[in-house]
Every structure is written in structure tokens, then in C-alpha cells.
Amino acid sequence: MDATTPAAGTSAPPPGLDTMNVTVKIKRYDPEKDARAYWAEYRLDVRPTDRVLDVLNQIKWEMDGSLSYRRSCAHGVCGSDAMLINGVNRLACKLLVRDLGSSIAVEPIRGLEVVKDLIVDMEPFFDSYKSVLPYFVNDDPEPARERLQSPEDREIFDESTKCILCAACTTSCPVFWTNGNYVGPAAIVNAHRFIFDSRDQATDERLAALNQPSGLWRCRTAYNCTEACPRDIPITKQIEEVKRALLWRQA
Amino acid sequence: MASAPKTYQAARATYGASGELVWWVFMRISGLLLVFLVFGHLFFNNIQIDAGTIDFAYVANRLSQPGVKIYDTFLLAFAMLHGINGLRYSIEDHVRKPGRRFWTKVVVFSIAGIVFVLGTMTLWAFSYDEMGAAVRALD
Amino acid sequence: MPRAHKYDVIVVGAGGAGLMAARYAAQNKDVKVAVISKLYPTRSHTGAAQGGVGAALGNVSEDHPEWHAFDTVKGGDYLTDQDVAETFAHEVVDAVYELEHMGLPFSRTPEGRIAQRKFGGHTREFGKSAVERACYAADRTGHMILQTLYQQSIKDQVTFFNEFHVLDLVLEDGSARGVVAYELATGEIHVFHAKATIIATGGNGRMFKVTSNAHALTGDLMSIVYRRGLPIEDPEFYQFHPTGLYKIGVLLTEGARGEGGILRNKDGERFMERYAPSIKDLAPRDMVSRAMYLEIQEGRGVGPDGDYIHLDLTHIDAEIIEERLPDITEFARIYLGVDPIKEPVPVQPTAHYAMGGIPTTIDTQVVADGEGTVVPGLYAAGEVACASLHGANRLGTNSLGDLIVFGRRAGIEAAKYAARVDYEPMPAGVDERAREELERIRAASGSERAAHIRKELQDTMMDNASVFRTEATLAKQVEILADLRERYKQVSVEDDGQVFNTELMEVVELGFLLDNAEQLVYAARNRTESRGAHSREDHQDRDDDRWLEHTMVYRNDDGSVRVGAKPVTLGKYEPKPRVY
Amino acid sequence: MYRGREGQWAFVLHRLSGVALALFLLLHVIDISLVMFGPEGPFNAFLAFYHQWPFRVGLVLVMAAVVYHAFNGLRIILMDFTEWGVKYQGALWYGALGATTAVGIPVLWKIVPEILGIA
Ligand SMILES: Cc1cc2nc3c(=O)[nH]c(=O)nc-3n(C[C@H](O)[C@H](O)[C@H](O)COP(=O)(O)OP(=O)(O)OC[C@H]3O[C@@H](n4cnc5c(N)ncnc54)[C@H](O)[C@@H]3O)c2cc1C
Ligand code: HEM
Ligand code: SF4
Ligand code: F3S
Ligand code: FES
């Protein structure tokens with residue numbers, strides 16, 4: 001293998017024909033230094049096939065070590081690095097430079113308190129998630145082997161099992177921006193995961209939890225969540241399914 | 001605002017604890033009705049006749065017809081309930097400080113209450129026959 | 001003053017192994033449990049695991065735990081402890097049912113049972129032909145395990161310390177008393193006093209250039225225990241997964257070959273037929289990765305530089321691909337712009353899994369030497385640990401099995417222990433070492449950048465100590481590591497803040513990585529044979545007379561490295577040449 | 001500005017139009033109620049007040065708002081009760097905008113001159 005071939009986790013690409021110059025604007029904020037957030041601008045050479053995460057890494061590793069953000073898996077499965085990139089919520093590791101062009105603007109996701117640079121306080125988000133009882137409940141005695149479930153029944157909630165809790169959806173929701181109490185699409189998706197699981201027995205409790213003043217009904221079908229979800233979960237469709245489930249069950 | 005329960009037991013205890021569902025349904029039903037009521041209203045008052053000609057006589061004349069009274073009562077009731085509940089949604093989303101939210105709601109609901117009473121009185125408390133006649137006599 | 005906490009059982013790491021351990025520890029009502037993790041639990045790399053978890057349920061065709069145990073031993077090139085493999089193969093069946101009972105949404109057979117598919121090295125009747133043993137949930141099995149366990153931990157109201165970076169282990173008079181951790185959000189040091197400490201911090205793949213591992217997988221605790229004088233077992237056995245996306249290393253599950261995918265060289269030849277005539281593309285990973293390297297070396301690699309291989313799925317039904325392998329299809333589309341339904345995907349071997357790690361007994365107690373002396377109060381499970389299950393090469397799907405079987409054992413054992421003993425005293429100043437290290441880094445004013453050292457480490461490890469090794473490359477790597485270690489002392493940080501100083505933590509992690517590389521290189525240099533994932537071009541044969549033993553690498557007080565041994569537990573299965 | 005798509009703008013317009021309509025409704029009920037005070041009362045004075053320019057333009061906007069709000073309201077109801085509505089929500093929104101224009105133009109043709117008093 002060619003030792004100079006850059007790969008994930010390495011820094012500057014070698015000079016070559018296939019690099020391009022980009023201008024990256026990052027909304028930065030250090031609570032220990034800055035009174036308010038400001039835009040910092042960086043110019044650097046990257047390859048079109050680099051992920052935005054690679055670009056951030058390159059800035060952190062070569063230009064300004066204090067730039068802070070969360071990341072781990074680097075391929076869109078851990079949910080660490082949802083950011084507001086060029087006006088929409090995306091995972092930095094799942095978006096390539098070639099799809100953005102030469103000017104890139106990165107901000108923290110909205111509606112959660114910014115702790116430092118691109119890092120926000122995720123606790124309220126996880127609190128909302130926990131409020132919908134996002135866990136399997138079945139109090140019947142456990143069978144010796146698996147509980148049976150037909151492939152068709154399994155299929156019904158397939159998409160909601162994909163959620164990686166990245167918060168891209170909830171922080172793209174215009175209702176959530178103004179009303180931080182709104183339980184948010186991510187929590188509803190995870191409620192959907194269990195409500196439509198034929199093996200689960202806590203549907204009533206979960207629906208009751210969603211039937212709160214700041215619950216399910218606050219959704220105004222704005223679809224930003226669906227557009228933002230990096231796992232392509234049809235979130236609004238699922239929210240509407242949950243609304244109907246709650247409606248018919250109460251009726 | 002009541003925060004949602006975080007445990008299974010707590011959720012059980014709050015089962016069906018909110019009127020939001022009812023309001024959600026109401027918004028849809030009233031919306032459907034309002035399509036007819038509002039478009040009808042606009043049709044009669046702005047399309048069929050020249051809105052520029054509306055004056056006291058026209059209004060008084062209209063209000064003296066029982067059919068109009070009933071029609072307008074429905075329109076008033078549904079539009080007020082639908083609109084004020086819609087305003088409540090907006091207030092709850094945008095006015096985030098609990099104290100300020102409370103007072104905003106008090107003011108908006110009070111005004112709405114007064115206006116509703118005013119509207120109902122306009123429709124039912126007076127006889128416009130004479131007023132209408134008086135106006136016609138003036139012409 | 002450090003912030004102090006006291007729990008009967010502390011679990012470090014919130015991946016599959018850590019969450020499983022916490023759950024089972026907490027079932028013992030007498031013990032108080034907390035989990036410490038440098039990432040939010042759901043960010044752990046268990047979530048990246050795709051293909052499945054191997055268990056002989058026999059839902060699709062006949063299967064038995066004995067067959068599974070045999071495959072594990074043979075796959076491990078007979079360096080697997082056979083008692084461990086047998087226990088594992090039996091317990092993993094229950095563990096999978098237990099996951100299902102916790103609600104894990106497995107894919108289903110038409111009868112409604114847990115769906116299973118073929119995976120590399122898993123066979124029926126002791127090697128006859130491939131068997132459907134991998135229980136899967138599309139290509140998101142690890143994600144589902146991680147989510148399900150996290151969900152249940154919410155239900156059980158487990159205490160979490162999220163984004164707490166463990167920097168040191170408190171080891172006094174030979175027993176473990178807890179850990180020292182750094183809170184990312186505030187920069188504060190916390191001391192966790194515990195009766196039993198469970199280490200479940202996952203792998204160390206970030207020491208290689210091309211890897212399937214997350215940025216966070218820097219082998220922290222493997223380095224921490226090593227610095228405290230405890231050994232690391234079998235680190236030379238590092239698995240390269242055959243199918244990483246070209247240059248990026250993102251993994252394409254072996255399940256792709258389980259569903260019928262074929263590896264082809266530049267002539268379109270299905271070259272695995274030559275290397276493993278009976279199970280071909282589904283041979284164990286070490287064999288496939290070596291075969292790919294050889295094809296490339298002999299000029300049959302694909303591409304302008306002839307440096308990759310094609311994974312061909314184009315003959316498989318598009319519907320099956322979309323339904324059973326949706327995520328990897330998306331990875332290929334996004335990162336390489338290649339649609340696997342229409343064209344073959346460029347792949348290359350990618351650094352994937354540490355077979356070795358912190359040595360433990362079958363009950364997950366950490367051992368301190370080749371005689372098996374246990375460290376009281378210290379347990380380890382998951383990728384970070386080495387219960388000698390995987391031997392010289394892990395079979396696909398056996399890691400997720402490892403997490404749930406040994407994670408559970410760790411939880412149960414640690415809780416039993418904690419319920420039995422009293423807290424040992426926590427001496428003052430246990431946080432000094434961690435504090436000094438951080439202060440040294442903050443104060444350093446050298447001109448080195450951590451990123452440059454890390455890149456050199458990753459590049460040279462890839463060149464000198466990856467799939468093929470020789471005395472010459474390893475000797476060279478020893479020197480390079482010594483040099484990098486010197487330069488590491490000169491690394492300075494720009495960020496002098498307390499809140500989320502991620503730069504500081506990256507430097508600390510680089511220090512851990514350097515230790516991990518050292519363990520691997522010394523062990524690899526010591527073992528003058530080829531076995532499993534350890535392939536010496538200058539010693540191409542397996543040598544059971546000399547080397548049928550585990551490696552134990554220690555760091556002496558003066559910083560020099562000592563390599564010892566630990567016996568392998570043999571059993572029913574006589575070491576035989578490994579052909580498939 | 002968040003670069004939202006159809007759904008976001010549909011929501012923003014629906015909320016703005018709804019609030020505008022609600023406020024207008026309050027005003028409208030008040031002005032009509034002035035007939036209670038008889039022909040000599042403040043009704044006609046108020047009407048004259050209404051005929052000022054800003055109010056005339058405002059009235060046109062309220063007209064547009066009510067038409068948009070009604071059609072988009074129907075879109076919302078379709079989405080809430082049918083899978084189909086969700087699937088084609090984008091198209092439906094353009095439909096609602098189209099319908100608003102289709103109804104709006106003839107109506108405006110008729111009433112703008114009246115309201116603006118150019119007829
Ligand atoms: C892409 C990919 C696909 C895979 N597919 C399969 C498969 O199909 N089948 C299979 O069996 N195996 C598979 N594996 C292997 C398997 O997923 C891993 O070995 C396993 O998930 C490791 O789990 P773990 O619980 O040991 O550690 P992880 O899940 O990696 O968790 C480590 C935890 O430790 C914490 N931690 C680490 N360091 C510190 C510290 N210093 N302080 C505090 N906390 C710390 C982290 O925050 C994290 O919570 C795959 C691996 C990869 C990378
Ligand atoms: C003409 C037919 C009408 C229809 C079909 C209709 C329909 C709807 C619907 C379905 C909603 C709920 C939106 C949601 O939950 O997402 C709604 C909200 C609302 N409506 Fe109407 N409506 C109509 C007329 C009116 C009128 C006349 C008013 C004013 C009095 C009004 C004011 C509002 C307000 C303020 C909201 C809240 C908006 C929000 O929360 O975003 N509507 N409408
Ligand atoms: S639903 Fe999608 S966007 Fe929302 S948290 Fe889950 S994965 Fe992220
Ligand atoms: S963006 Fe918000 S309003 Fe509903 S459809 Fe999505 S949650
Ligand atoms: S780093 Fe894991 S999702 Fe982006």
C-alpha cells in the first residue's frame with residue numbers, strides 16, 4: 001500500500017491536482033473567553049471527496065487546535081456530529097465537500113444551549129427521549145426461546161429502529177426552536193419504534209406520555225425533521241401515524 | 001408547563017391528562033366547516049355585491065334577516081374558537097417566560113371573550129328592522 | 001481537591017460489553033452501580049457493528065454449540081482456550097434469546113423466528129460447509145444491540161457519567177480500588193472509589209492508517225493497565241477485515257459475502273477459490289485479507305495503482321441487497337460514489353479488531369501474570385479484554401457474542417464480589433498522576449503537533465506491522481516508536497481552557513495509542529511463527545511445538561518492555577493445519 | 001435562515017396567516033358591532049377610518065391570507081388522515097399555492113378596485 005495515500009484520520013492531503021481551495025466559516029464560542037459567538041473564517045486545501053468532518057479535523061489538527069466538536073465513528077452511525085451546515089442540519093461525517101462547493105458555513109445545531117464552538121448541551125434532548133418510555137415492555141413470562149414475530153409485523157417499525165439519536169431532526173424543527181419544551185421528533189420516532197412493535201405492551205402508557213401539553217400535538221408538520229434525518233427515517237409520516245394511533249385509541 | 005413523565009408508573013398515572021387531543025380534532029373539524037362558512041361569507045359580502053358600497057344600511061339590513069343571524073352565529077363561534085385556540089398555540093410556542101405567557105393569555109382570552117360577547121349581542125340583542133327602516137326613510 | 005464518588009461497582013465504557021455488565025451487576029439489589037463513558041453511550045462503537053451475532057439457534061438449518069465451539073477454536077488457529085470457547089458457544093445462545101426478550105428487533109424468518117445467515121468461518125459438522133449462524137437485524141445488528149441495551153438501562157434507571165474520560169486506574173497493594181476520570185464539560189478531575197471495577201472500553205484500531213474503528217477507539221485502558229504494570233495478552237493478533245472501503249476503511253460487513261458477494265481481482269477472477277476451495281469467499285478474515293494482499297503484490301490488484309480488490313454484489317437480487325444490506329449500500333454510494341447493485345465496490349483490508357487485550361479468566365477477572373494470579377476487584381470484558389476466546393483470529397460475529405456473554409459474566413461476577421467484600425481504603429492523592437500528566441501537556445511548549453505524530457504512527461504501523469510482518473520491519477518500527485515517543489514529549493496544546501478541551505484529550509489519547517503500538521510490535525517481533533492474523537514473512541509456518549502459548553507483554557518500571565507467556569488451555573480439538 | 005423546504009414555508013405562512021386572520025377577526029367583529037349604536041353612531045366614522053390606504057392594502061392581504069390558510073388547512077387535514085397526503089405534501093403545497101392564486105386572481109380582479117376605490 002502506498003504510504004502517502006491519505007485516509008480517514010490523517011491530516012492534510014498531499015498537494016495534487018485533485019485538491020480544491022475552500023473557505024470555511026465556523027460559528028465559534030468559547031465560554032471562558034467570548035462574550036458572544038462569532039464567525040471565524042479559515043481557508044484551506046481539501047479534496048472534493050473529503051467529508052466535512054475531515055475538513056474540521058484538518059482545521060483542528062493543522063490550524064487551530066482549540067476548535068471543538070464531537071465526533072466518533074466518522075461514517076454516520078454514532079450520531080455525534082450533527083451540525084448546521086450551509087443552512088441545513090447534517091452529519092459532518094456524511095456530507096462530502098464536493099456536494100457543498102467552495103464555501104462552507106458550519107454552526108451548532110439550534111435550540112440547545114451552545115457549550116463551546118459546535119458542542120451543545122444534549123441533556124434536554126436525552127431527557128425528552130427518556131420521557132416517551134423508549135424501552136421494550138412485556139411483562140408476560142419469558143418464553144424459553146424467542147418471541148415470535150412475523151416479518152410483516154417486524155417491517156412496520158423497521159424505519160424507526162434506525163434512529164441514532166443525533167438530534168438533527170429535533171433541532172431543525174421550527175416549533176422546537178421557539179418552544180424547547182416540545183418533546184420533539186426524535187422522541188416521537190423512538191416512541192413509534194415501540195408503539196408499533198407487536199411484542200410490546202406499553203402502548204397506552206407511551207401514548208399517554210405523548211398526549212401531554214408539550215407532546216405530540218405540538219408538531220405542525222413542518223417536515224424539516226424528515227429532510228434533516230441522516231438515516232432517511234420518514235419522520236413526519238411516523239409522527240402522523242402516532243397521532244392517528246393516539247386518536248383512534250382514545251376514540 | 002407539565003413535564004412529561006419519565007417512568008412507566010408515572011406515565012400510567014397521567015393517562016389521558018390533556019385536552020390537546022380534543023383541540024387538535026376541533027381545529028380540523030372547525031377548519032372544514034370554516035371553509036364553507038368563510039367562503040360563503042366572503043362570497044355574499046364581497047363578490048356578490050361591491051364591497052365599496054357597504055355602509056350602515058347594508059349591514060343593518062343584512063343583520064335583520066334571521067337566516068343571516070344564524071349563519072353569522074356559526075361563523076362567529078367557530079372562527080373565534082378556532083382562531084383563539086390557534087393564537088394560544090402561537091403564544092405557547094413563542095412566549096416562553098411562564099409569567100409573561102400567563103399574562104399574555106389572560107389578555108388575549110379576555111379580549112376574545114369581550115369581542116365574542118359583543119359579536120353575539122350585535123347579532124341577537126337588537127332589532128335592526130327599525131334601524132334599517134329609519135335609514136331607508138332618510139334616503 | 002478531586003470530586004469524589006463511591007459506587008460498589010464501576011463500569012468503564014458504555015458499549016455493548018459495558019451496558020451488559022451494568023445491567024447484570026444492577027440485578028443484584030445490594031450493589032450500587034455506575035457507568036463512566038467518554039462518549040454518550042449510544043455513540044459507542046458497538047453501534048457500528050453490522051453483520052450479526054453468532055449463536056447456534058438452528059433457526060434456518062441444523063446447528064449445535066459444539067460446531068460453533070469447534071469453528072471458534074479452528075478460526076483462532078488453536079490459540080483459543082477451548083474451555084472458554086465451549087462455555088461461550090453454549091451461553092451465547094441464551095444471551096441472544098435474552099436480547100430478544102429485551103426487545104431487540106431481529107430480522108425474522110418466515111416462521112417468525114430470529115433470522116440467521118452465513119458468515120466467514122462458521123460451518124456445519126466441523127468444517128463441512130458454511131452454516132447460517134449469524135443472527136442479524138438487517139446490517140445494523142450492533143446498532144440494535146447498543147440501542148436495546150441503552151433503552152433497558154433507562155428502564156432500570158442506571159446511573160451514567162457521560163463524557164467522563166478515564167485517565168487512570170487506582171491500583172493499590174495489588175487490588176483495584178476505582179478510577180480517576182476527567183469531566184470533559186468542566187475539566188474537573190473526579191475520583192471514583194469502587195469495590196469492583198469493570199473495564200469495557202473497546203478497541204484500539206486508531207493506531208493504523210486505514211481502519212474501521214471510530215476516532216474514539218484509542219485503546220485507553222489497555223494502556224492504563226499496562227502503565228500500572230499489568231500485562232497485555234496476545235496484542236500481536238490484530239485483525240484486518242478484508243472489506244473496508246478503499247482508502248477510507250469504512251467497513252462493508254462480511255454479511256455481504258454471506259449473502260453471496262464475491263471478491264474479484266483485476267482479471268475478474270474469483271481468486272478465493274485458489275486459497276480456500278471449500279468455503280471460498282467465506283474463509284476466515286485473516287486468510288482472506290492475506291489473499292487480497294498477495295493478489296495485489298502479484299500485480300492482480302484493481303485500479304490505476306493496482307492497489308485494491310473488487311467486492312462484487314452485482315449478481316445478487318437488488319431487492320435482497322436493499323433489504324438485507326441497506327447501510328453498506330449507502331456507504332458505498334456516499335463515500336465512493338459506487339452503486340453496489342450496478343458495479344463492484346473497491347475494497348481493501350482495514351484494521352478492525354484486537355483479538356488480544358487485558359487478560360482475564362473465564363469469569364472475566366483480570367489476571368496479572370502468566371500463572372493466572374487474579375487482580376482482586378478488577379474485571380474486563382468486550383474488545384478491550386482477552387478471555388482467550390478469539391485466539392489468533394476472531395471469527396465474524398463472535399465479538400458481539402463476546403460482549404453479551406462476557407459482559408454479562410463480568411456484571412454478575414463483579415456484583416457478587418462487591419456484595420461480599422468491604423471497600424478498601426482510598427489513599428489520598430490517587431489523582432496526582434493523572435493531574436501531573438495533564439499539567440505536563442498543558443505546560444509543554446514544544447513545536448510538535450499531535451496530529452503529525454499520530455499520522456506517522458498510523459502510516460508506519462500500516463507499513464511495518466499490519467497484515468505481513470518481518471523481523472526487519474518490526475525492528476524498524478521499534479525505533480520509529482521510540483522516536484515518536486520522544487517527540488510526543490514536545491507536543492503542546494493551543495487550547496488552555498477547561499470546558500470541552502478536546503485538544504487536550506486528543507493528546508492524552510495519542511499517548512495511549514503509542515503504548516498500544518508498542519505492545520503490538522514487541523509481541524509481534526517476539527513470536528517467530530505465523531499463526532492466524534499474525535503473519536511473518538520470515539517465519540511462514542505455524543510452530544505448535546514452540547509457540548502454542550499466549551503472549552504476555554509487560555512494561556517494566558524503567559520503561560523497558562518484557563515479553564512473557566501464558567499457557568493455552570487445550571481440549572477436545574487437536575491442533576491441525578487450518579484448511580478450508 | 002434555516003434552509004427549509006416546502007413544509008417549513010407552508011407552516012410559517014399558515015401560522016402567520018392564521019394569526020393575522022384571528023387579529024382581523026377581532027377587529028372585524030368590533031367594527032360590525034358598532035351598528036348596535038345606530039346610524040348616527042360611530043359605525044360610518046369607523047368605516048371611513050377603514051378606507052384609509054394602509055387598511056385597504058391590509059384588507060387585500062387578509063383576503064389572500066384567508067384563501068391560502070383555507071387551502072393549506074385542507075392540505076394539513078389530508079396529511080393528518082391519509083398516507084397519501086404525507087407522501088405528496090410538497091405537491092399539495094404547490095397545489096394550495098396554485099389554488100390560492102387561481103381563486104385569488106379573479107377575486108382580486110373584482111375586489112381590488114372596489115377596496116382600493118379605483119372602480
Ligand atoms: C465497523 C465494525 C463492524 C463490526 N461488525 C461486527 C459484527 O458484525 N459482528 C461482531 O461480532 N462484531 C463486529 N464488530 C466488532 C464489535 O463491534 C466490537 O468489537 C465491539 O462492539 C466492541 O464493543 P465494546 O463494548 O467492547 O466497546 P465499544 O462499543 O467500542 O465501547 C467502548 C466504550 O468505552 C468507552 N471508553 C473508551 N475509552 C474510555 C475512557 N478512557 N474513559 C471512559 N470511557 C471510555 C467509550 O465511550 C465507549 O462507551 C464490528 C466492529 C466494527 C468497527
Ligand atoms: C377557512 C378555513 C380554515 C381552515 C380549513 C383552517 C384550518 C386550520 C387547521 C387545520 C389548523 C391547524 C394547523 C395545525 O395544527 O397544524 C389551523 C390553525 C389555525 N387557524 Fe385555521 N383554518 C381556517 C380558517 C381560519 C380562520 C378564519 C382563522 C382566524 C380566525 C384561523 C386561524 C388559525 C390560527 C391562528 C391557527 C393556528 C396556527 C398555528 O398554530 O400554526 N383559521 N387552521
Ligand atoms: S430520527 Fe433521524 S435525525 Fe432524528 S435523532 Fe434519529 S437519526 Fe437523528
Ligand atoms: S419539523 Fe417539527 S413540526 Fe413536526 S414534522 Fe417535524 S416535528
Ligand atoms: S461521527 Fe459518528 S455520526 Fe458522524
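In what follows, chains are A, B, ... by sequence order, proteins preceding strands, each numbered from 1.
- With a 4.5 Å cut-off on non-hydrogen atoms, A/S172 touches chain D through its backbone and its side chain both.
- Distance check, rounded to the nearest 0.5 Å: OG1 of A/T226 to CZ of D/R5 gives 11.0 Å.
- Among A/N224, A/V175, A/L84, the residue making the largest number of heavy-atom pairs under 4.5 Å with chain D is A/N224.
- For D/Y88, the OH atom sits in a loose shell: 12 or fewer heavy atoms of surrounding residues, nucleotides or ligands are nearer than 6.0 Å.
- A/E113 CD: 12 or fewer foreign heavy atoms inside a 6.0 Å radius.
- A/E240 places a side-chain N or O within donor-acceptor distance of the main-chain N or O of D/D80, the cut-off being under 3.5 Å.
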D/E6/A/Y223 under side chain to side chain contact (heavy atoms under 4.5 Å, CB included): CA gap, chis, key distance, verdict: CA-CA 8 Å; D/E6 291 85 353; A/Y223 290 89; over 6 Å; no
Would A/R244 and D/E83 satisfy side chain to side chain contact (heavy atoms under 4.5 Å, CB included), going step by step from the backbone distance to the final call? CA-CA 11 Å; A/R244 287 197 289 270; D/E83 297 267 304; 3.2 Å; yes
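- Using a 4.5 Å cut-off between heavy atoms, A/E107 does not touch chain D at all.
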Should D/F81 and A/K243 be marked as a side chain to side chain contact (heavy atoms under 4.5 Å, CB included) after you check the CA-CA gap, both sets of side-chain angles, and the distance that decides it? CA-CA 9 Å; D/F81 293 97; A/K243 284 180 188 165; over 6 Å; no
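- Residues D/R3 and A/E227 are not paired through a salt bridge, judged by the lack of any N-O separation under 4.0 Å between the basic side chain and the carboxylate.
- A distance of 7.5 Å separates CZ of D/F11 from SG of A/C173, quoted to the nearest 0.5 Å.
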